[in-house]
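Structure record follows, encoded as structure tokens.
Quick note on labels: first sequence line is chain A, next is B, and so on, each numbered from 1. Quick note: numbers below take in every heavy atom, side chains included, and nothing from hydrogens, waters or symmetry partners.
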Amino acid sequence: MSVKPSLPKGTRDMLPETMLRREYIIDHLKEVFKKYGFAPIETPAMENLSTLTGKYGEEGDRLIFKLLRSGDFLSHADGKSLADKDSSAVLGAISNKALRYDLTVPFARFVVQNQNEIQFPFKRYQVQPVWRADRPQKGRFTEFYQCDADAVGSDSLLLELDFIRIYKEAFQKLKVPVIIKINNRKLLAGIAESLGINNRLGDFTIALDKLDKIGLQGVQKELKDRGFEAEAIEGIARIAALSGNNSEQLAQIEELVKSSEIGNRGVEELRFVLEHVDKDTPLQLDLTLARGLDYYTGAIFEVVAPDVNLGSVGGGGRYDDLTAIFGMKGLSGIGISFGLDRIYLAMEELDLFPDMEAEGTEVLFVNFGLEESLYALKLANELRDLRVKAEVYPDSAKLKKQMDFANRKNIPYVVLIGTHEIEKGSFALKHMHSGEQSNMSRVELLQHFSQNIPSEYGRH
RNA sequence: GUGGUUGUAGCUCAGUUGGUUAGAGCGCCUGAUUGUGGUUCAGGAGGUCGUGGGUUCGAGACCCAUCUUCCACCCCA
């Protein structure tokens with residue numbers, strides 16, 4: 001009795017063609033990360049549930065994948081809660097682990113736990129999957145990869161500049177046109193303070209965030225429905241009315257928050273960044289950018305690819321005290337995330353992937369039988385030692401099948417070695433694309449391919 | 001979590017107001033061509049119509065449930 005093969009919703013298999021392209025993206029990102037002084041780490045797929053809860057806001061907590069305890073977990077559950085079908089009350093009894101929701105919170109845990117092993121400021125990059133119990137849709141998956149770079153142990157704004165440049169450089173390398181949006185939580189807090197609603201910053205920013213979607217009137221209606229005072233509703237109109245370039249907008253907002261100390265700090269930080277960032281950076285000050293994650297305290301970023309109808313392809317920001325939750329105070333951190341799967345979709349839609357043919361096998365040795373194939377294997381190994389991608393067809397299948405295999409896998413060359421060839425020491429090399437075929441000695445064959453070795457390997 | 005949408009051969013899809021034995025194209029396998037792929041020709045295999053119930057003399061089609069796909073909202077990468 002066989003089971004129909006299937007996958008949990010929102011998860012996918014990755015075929016070789018897809019993986020080569022994903023690795024292409026990842027390789028470029030890693031290259032940039034390393035260049036800026038980041039070193040790789042990994043953390044487990046699962047964390048203790050208590051590590052993750054409460055860091056992502058109410059909505060985020062709901063999307064955390066909880067893992068069942070092992071053993072007879074229901075016997076530890078509270079009978080009344082079970083009878084009442086109160087899921088949240090029994091949760092602690094039945095689950096104490098969860099799949100990671102992002103890479104930032106596990107990183108904060110990692111930093112505190114390994115503080116004696118690492119040097120501060122600590123800069124790491126991390127490329128791993130994360131899981132969210134969300135409904136999948138376009139560009140949204142249950143399991144997806146994040147490529148993060150974070151730095152902890154310094155509150156220097158030089159890091160903000162670095163991260164913006166990393167975004168710029170990475171997307172330039174991948175040829176994806178993007179806009180890097182920037183805002184600052186301190187400024188948002190200042191706005192809230194000036195409007196006398198600092199205790200409701202969350203609701204306010206959520207509404208503000210929708211400005212480009214539902215328009216000023218929509219946002220004002222929402223604020224009204226949520227019970228905000230007229231002052232706040234008017235204030236949002238002033239934010240919507242901001243005009244001009246980044247620094248002009250900043251000057252206008254400065255007026256609004258000048259009575260707020262934290263607001264002024266936000267303005268200062270933004271001004272510093274805007275002043276010192278590379279002039280050709282597609283950076284856009286966006287006062288409506290809020291971001292849902294609770295732990296951000298300073299600069300916040302979001303990267304969008306305007307040519308593609310997709311959510312953001314990256315996001316990040318400054319978090320002043322994420323490690324405090326794990327017992328290490330006064331350690332400011334900042335980091336950014338690249339959404340690998342969305343970058344992939346964007347690049348696919350914009351047709352930005354280079355030809356990956358060069359990644360595959362270059363020569364296939366046809367198998368005419370055990371003796372012949374062992375001979376071919378020796379020759380293949382010699383080529384492999386020259387960094388030529390070579391393989392011997394493992395079975396002595398029909399020639400038609402072996403040729404077909406080479407054809408389908410886009411292998412440019414096939415070598416035929418039968419008893420006749422072994423005797424004469426002359427082997428048939430066939431170029432699949434042109435169909436041309438010529439006989440070569442072993443040395444000629446090795447020479448032929450060593451000339452074809454890509455220059456990146458050739459010189460050093 | 002809310003709303004909509006989808007599921008028929010390996011893939012993409014047809015299938016009439018419910019009516020005999022469910023079709024096509026592509027792919028796959030075999031042969032023409034026992035050591036030469038892509039083209040062509042001939043033949044062949046492959047489906048309990050997502051799953052479970054129900055209505056009916058009769059269900060791929062209608063009803064209910066459930067899972068899945070894709071999409072929008074919420075939120076996010």
Side-chain angles (χ1 to χ4, degrees), chain A residues 1-12 25 29 56-64 87 100-104 127-148 167 178 202 205-207 209-210 213-214 222 289-294 300-305 308-317 335-346 364 366-369 372 393 396-421 427-437:
Chain A
M1 183 61 186
S2 69
V3 178
K4 191 181 179 184
S6 66
L7 237 30
K9 73 170 138 186
T11 67
R12 302 150 297 158
I25 299 174
L29 295 180
Y56 305 111
E58 199 182 321
E59 186 75 17
D61 279 358
R62 197 166 57 78
L63 300 177
I64 294 172
S87 302
R100 73 167 98 78
Y101 176 90
D102 71 355
L103 300 181
T104 309
V127 177
Q128 288 194 275
V130 302
W131 293 268
R132 296 187 187 176
D134 209 351
R135 277 215 190 153
Q137 58 176 284
K138 188 176 183 188
R140 169 174 302 187
F141 309 98
T142 300
E143 179 186 60
F144 62 97
Y145 266 70
Q146 291 195 328
C147 312
D148 277 30
Y167 264 146
V178 292
T205 51
I206 286 170
D209 197 35
K210 295 179 186 166
K213 259 186 203 166
I214 59 177
E222 180 157 335
L289 177 62
R291 301 192 54 75
L293 300 179
D294 276 0
I300 45 182
F301 308 110
E302 195 160 290
V303 183
V304 293
V308 182
N309 179 26
L310 215 61
S312 54
V313 292
I336 57 173
S337 180
F338 289 79
L340 173 62
D341 304 77
R342 285 186 180 174
I343 294 171
Y344 182 98
L345 287 176
L364 177 76
V366 168
N367 185 329
F368 283 120
E372 293 92 330
Y393 197 88
S396 154
K398 281 187 178 159
L399 187 52
K400 182 185 162 82
K401 189 169 179 180
Q402 300 191 43
M403 295 299 281
D404 194 44
F405 176 80
N407 203 38
R408 284 158 180 279
K409 274 189 74 177
N410 249 316
I411 300 174
Y413 289 99
V414 169
V415 176
L416 293 96
I417 301 181
T419 45
H420 188 66
E421 280 84 354
F427 316 105
L429 174 72
K430 175 158 182 162
H431 185 60
M432 292 298 278
H433 190 66
S434 67
E436 280 169 27
Q437 190 168 325

- Message: Work out how far the P atom of B:rA45 is from that of B:rG10, and round it to whole angstrom.
- Response: 15 Å
- Task: Examine distances only and state if a side-chain atom of A:Thr142 and a backbone atom of A:Lys9 form a donor-acceptor pair shorter than 3.5 Å.
- Result: yes
- Query: Mind checking the P distance from B:rA9 to B:rU48? Whole angstroms is fine.
  - Reply: 9 Å
- Message: Using the C1' atom as the point on both nucleotides, what is the distance between B:rU36 and B:rU8, in whole Å?
- Response: 40 Å
- Message: Listing request: all salt bridge (charged side-chain N to carboxylate O under 4.0 Å, His left out) pairs with a residue in residues 129-138 of chain A, at least two apart in sequence or in separate chains.
- Response: A:Asp134-A:Arg140
- Message: Could you check whether A:Phe338 and A:Tyr167 have their ring centres less than 6.0 Å apart?
- Response: yes
- Roughly how far apart, to the nearest Å, are B:rA14 and B:rG53 at atom C1'? 28 Å
- Note on the structure: A correct 5'-to-3' footprint of nucleotides 32-39 of chain B, with B, S and - meaning base, sugar-phosphate only and no protein heavy atom under 4.0 Å, is ---BBBB-
- Query: How far does OH of A:Tyr101 sit from CD of A:Gln146, to the nearest 0.5 angstrom?
  - Reply: 9.0 Å
- Message: Heavy atoms only, 4.0 Å cut-off, all strands: where does A:Lys210 land among base, sugar-phosphate and nothing?
- Response: sugar-phosphate
- Message: Taking Watson-Crick (N1-N3 plus N6-O4 or O6-N4) and G-U wobble (N1-O2, O6-N3), each under 3.5 Å, can you produce the dot-bracket string of RNA chain B? Use [ ] for crossing pairs and | for inter-strand ones.
- Response: ((((..(..((((.....[...)))).(((((.......))))).....(((((..]....))))))..))))....
- At under 4.0 Å between heavy atoms, what does A:Gly10 touch on the DNA or RNA strands: base, sugar-phosphate, or nothing? sugar-phosphate
Nucleotide N/O of nucleotides 41-45 of chain B paired with protein N/O under 3.5 Å:
none

- Could you measure between the two C1' atoms, the one in B:rG3 and the one in B:rC75, and give it in whole Å? 16 Å
- Task: Look only at the side chain of A:Asp341 and the backbone of A:Tyr145, and say whether a donor-acceptor pair between them is shorter than 3.5 Å.
- Result: yes
What's touching nucleotides 71-73 of chain B from the protein side, N or O pairs under 3.5 Å?
from   : atom 1 : to       : atom 2 : distance (Å)
B:rC71 : OP2    : A:Gln137 : O      : 3.4
B:rC71 : OP2    : A:Lys138 : N      : 2.6
B:rA72 : OP2    : A:Gln137 : OE1    : 2.8
B:rC73 : N4     : A:Gln137 : NE2    : 3.4

- Note on the structure: For A:Gln402, the side chain to side chain contact (heavy atoms under 4.5 Å, CB included) test, sequence neighbours excluded, returns A:Val366, A:Asn367, A:Tyr393, A:Ala397
- Inter-nucleotide P distance (B:rU66, B:rC26), Å rounded: 41 Å
